[in-house]
Amino acid sequence: MDSISYRAAGEERPTLRLRLLGGFLLTRESGGSRCGDEECGAEEHGAEEYGAEEHGAEEYGAEDFGSPSSGGAASADGSAHACPDGLVHSSLACPDDPSALGARGSEPLEVPASGQQVLARLALCGAATRSALAGTLWPDATEARARASLRTAVWRLNGAGRALTDAREGVLSLSRRVRVDIQDLTAAAHHVLSGNALSATREPMRAAYQVLLCGRELLPGWQQDWVAFERERLHQLRLHALEALSARLVARRQYAPALEAALESIRADPLRESAHRAVVSVHLAEHNLTEAVRQYETFRELLLRELGVEPSGQFATMLRHALV
């Protein structure tokens, strides 16, 4: 039986937003949404949110795609949020802003630690039987004790329990009314990596750009193995997407946002050579040879100091050919 209690017909129902990037936060929108489980499927907030079908080329054309610092990343209602990296992004994209999970009237919900694990596990790994979920979250307990702990955790969710559904007997999953920030990150990354977003001269890149630039670590401080695996998977996906985005923006001669995307990949992983090559590629495209050499030498010194190795021959050759 579905755990969500539906309201009277025509009454606005809250949408739940679950943040896992940068820390756990569950919020409920108190207004502005009439979306129920029957009305909104997962496809509403999927990859097509960043596609031309959802946002016309006129809205996010190449000529109006600016760097966040120039105000090009402001949201539709003019709201913006300054992230710790100093860039200005849409408040809907940046997970460091609690209001990012609900544009207006969002209400944080208290979720006990055990309930947080239940929601996070289902958000990351999908539906699970009660036995499997209990065994994953309480691996050192007996099966009976683990299932009892799961029942207690679900009961203690209280109002946050609306995020759960057990429509299939014995199987728990997140309700379809819950929007999770990692879905936005994954959709944006796949959209960029597919190349479809940038195949034409006027395509919607800004939303994906904002989401990728504001990405944060998954559930920092959580030590569970299943979290560590997903954390690394999302980290690598985001890095590849940032580098691909930078390369495609260079191809369109949009050097400022291309450089920001490349520098963000360095910030996320300072020892990643492909990220430094992305920065050098932007400098070379702008014929800033001094900047390109400086970036290479900075990375070379970092590698020698930290790992005692030189950059790859590919990197050295890339720079050598540019200087000939």
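We use all heavy atoms of the structure for the numbers below, so side chains are in, but hydrogens, waters and symmetry mates are not.
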- [ ] Applying side-chain contact (heavy atoms from CB on, under 4.5 Å), run through Leu124 and Leu218 and close with a yes or a no.
- [x] CA-CA 10 Å; Leu124 290 171; Leu218 174 70; 4.0 Å; yes

- [ ] Report the C-alpha distance between Thr298 and His276 in whole Å, list the side-chain angles of each, state the deciding distance to 0.1 Å, and finish with yes or no for side-chain contact (heavy atoms from CB on, under 4.5 Å).
- [x] CA-CA 9 Å; Thr298 298; His276 288 267; 5.7 Å; no

- [ ] Check the pair Thr186, Leu237 against side-chain contact (heavy atoms from CB on, under 4.5 Å), reporting the backbone distance first and the verdict last.
- [x] CA-CA 8 Å; Thr186 302; Leu237 177 64; 4.2 Å; yes

Open item on the list: Is there a side-chain contact (heavy atoms from CB on, under 4.5 Å) between Gln295 and Leu284? Walk through the geometry before answering.
Closed with: CA-CA 11 Å; Gln295 183 67 39; Leu284 293 178; over 6 Å; no

TODO: Under the salt bridge (charged side-chain N to carboxylate O under 4.0 Å, His left out) rule, what do Asp181 and Arg17 come out as? Steps first, then yes or no, please.
DONE: CA-CA 8 Å; Asp181 59 352; Arg17 310 275 181 151; over 6 Å; no

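Within 6.0 Å of CZ in Arg272 there are more than 12 heavy atoms belonging to other residues, nucleotides or ligands.
For the salt bridge (Lys or Arg N to Asp or Glu O under 4.0 Å) test, no residue two or more places apart in sequence or in another chain qualifies with Arg151. Take Arg145 and apply the salt bridge (Lys or Arg N to Asp or Glu O under 4.0 Å) test, not counting sequence neighbours, and it matches no residue. Shown here are the salt bridge (Lys or Arg N to Asp or Glu O under 4.0 Å) partners of Glu143, two or more places apart in sequence or in another chain: there are none. Qualifying salt bridge (Lys or Arg N to Asp or Glu O under 4.0 Å) partners for Arg231, counting only residues two or more places apart in sequence or in other chains: Glu217. Listed by chain and residue number, nothing satisfies the ring-ring contact (aromatic ring centres under 6.0 Å, His included) test with Tyr255 (two or more places apart in sequence, or in another chain).
Under the 3.5 Å distance criterion, the side-chain polar atoms of Glu232 are left unmatched by any main-chain donor or acceptor of Glu230. The backbone N or O of Ala132 sits less than 3.5 Å from a side-chain atom of Thr136, completing a donor-acceptor pair. In this structure a side-chain-to-backbone donor-acceptor pair under 3.5 Å is present from Ser246 to Ala258.
Distance CG/Leu26 to OG/Ser106: 11.0 Å, rounded to 0.5 Å. Atom OG of residue Ser175 and atom CG of residue Leu164 lie 8.5 Å apart, to the nearest 0.5 angstrom. In this structure, CG in Leu212 is found 10.5 Å from NE2 in His191, a value given to the nearest 0.5 Å. Rounding to the nearest 0.5 angstrom, the gap separating the CG atom in Leu16 from the CG atom in Leu109 is 6.5 Å. To the nearest 0.5 Å, atoms CG (Leu193) and NE2 (His190) are separated by 7.0 Å. Taken from CG in Leu25 to CG in Leu18, the straight-line distance is 8.0 Å, to the nearest 0.5 Å.
Val211 and Leu263 sit in two unconnected hydrophobic clusters of ILVMFWY residues. Membership requires side-chain heavy atoms under 4.5 Å apart, directly or through other members. Residues Val111 and Val178 share a hydrophobic cluster, clusters being chains of Ile/Leu/Val/Met/Phe/Trp/Tyr side chains in contact below 4.5 Å. No continuous path of hydrophobic side-chain contacts links Val282 to Val280 [ILVMFWY only; heavy atoms under 4.5 Å]. In the hydrophobic cluster analysis, where Ile, Leu, Val, Met, Phe, Trp and Tyr join through side-chain heavy atoms closer than 4.5 angstrom, Ile266 is grouped apart from Met318. Leu245 and Leu234 fall within the same hydrophobic cluster, defined by Ile, Leu, Val, Met, Phe, Trp and Tyr side-chain heavy atoms under 4.5 Å apart, directly or through other members.
The salt bridge (charged side-chain N to carboxylate O under 4.0 Å, His left out) contacts involving residues 311-324 comprise nothing, where partners must be two or more places apart or lie in separate chains. Every pair tested for ring-ring contact (aromatic ring centres under 6.0 Å, His included) that includes a residue from residues 228-248 fails, sequence neighbours excluded, so the list is empty. The salt bridge (charged side-chain N to carboxylate O under 4.0 Å, His left out) pairs that include a residue from residues 124-142 are Arg130-Asp166, where partners are two or more places apart or lie in different chains. Within the structure, salt bridge (charged side-chain N to carboxylate O under 4.0 Å, His left out) contacts touching residues 108-122 (residues at least two apart or in different chains) do not occur. Legend: side chain to side chain donor-acceptor pair (under 3.5 Å) pairs involving residues 278-294, not counting sequence neighbours, sorted by first then second residue: Glu291-Arg294.
Shortest non-hydrogen contact noted between Ala123 and Leu20 is CB-CD1, 3.8 Å. Smallest separation of non-hydrogen atoms from Ala120 and Phe24: N-CE1, 4.5 Å. Nearest heavy-atom pair across Leu213 and Ala261 is CD2-CA, 4.2 Å. Between Tyr296 and Ala316, the shortest heavy-atom distance links the atoms OH-CB, 3.7 Å. Contact detail for Ser114 and Arg156: the closest heavy-atom pair is OG-NH1, 4.2 Å.
Side-chain contact between Val250 and Leu259: absent, with no pair of heavy atoms (C-beta onward) separated by less than 4.5 Å. Using a 4.5 Å cut-off on side-chain heavy atoms (C-beta onward), Arg238 and Leu185 make contact. Residues Leu172 and Thr165 have side chains not in contact (no heavy-atom distance under 4.5 Å, counting atoms from C-beta outward). Using a 4.5 Å heavy-atom cutoff, the side chains of Leu323 and Val293 are in contact. Inter-residue side-chain proximity for Thr27 and Arg19 is flagged as unmet; no heavy-atom pair is nearer than 4.5 Å. Looking at heavy atoms from C-beta onward, Glu260 lies in side-chain contact with Tyr209 at the 4.5 angstrom threshold.
No hydrogens or angles considered: nothing links the side chains of Ser265 and Glu243 as a donor-acceptor pair under 3.5 Å. Side chains of Arg147 and Ser131: a donor-acceptor N/O pair is present below 3.5 angstrom, by distance only.
Other members of a hydrophobic cluster containing Leu239 are absent, since no ILVMFWY side chain comes under 4.5 Å of it, directly or through relayed contacts.
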Can I get a per-line list of side-chain donor-acceptor pairs under 3.5 Å for residues 299-315, giving both atom names and the distance, sequence neighbours left out?
from   : atom 1 : to     : atom 2 : distance (Å)
Arg300 : NE     : Glu310 : OE1    : 2.7
Arg300 : NH2    : Glu310 : OE2    : 2.9
Ser312 : OG     : Glu273 : OE1    : 3.4
Ser312 : OG     : Glu273 : OE2    : 2.3
Ser312 : OG     : Phe315 : N      : 3.3

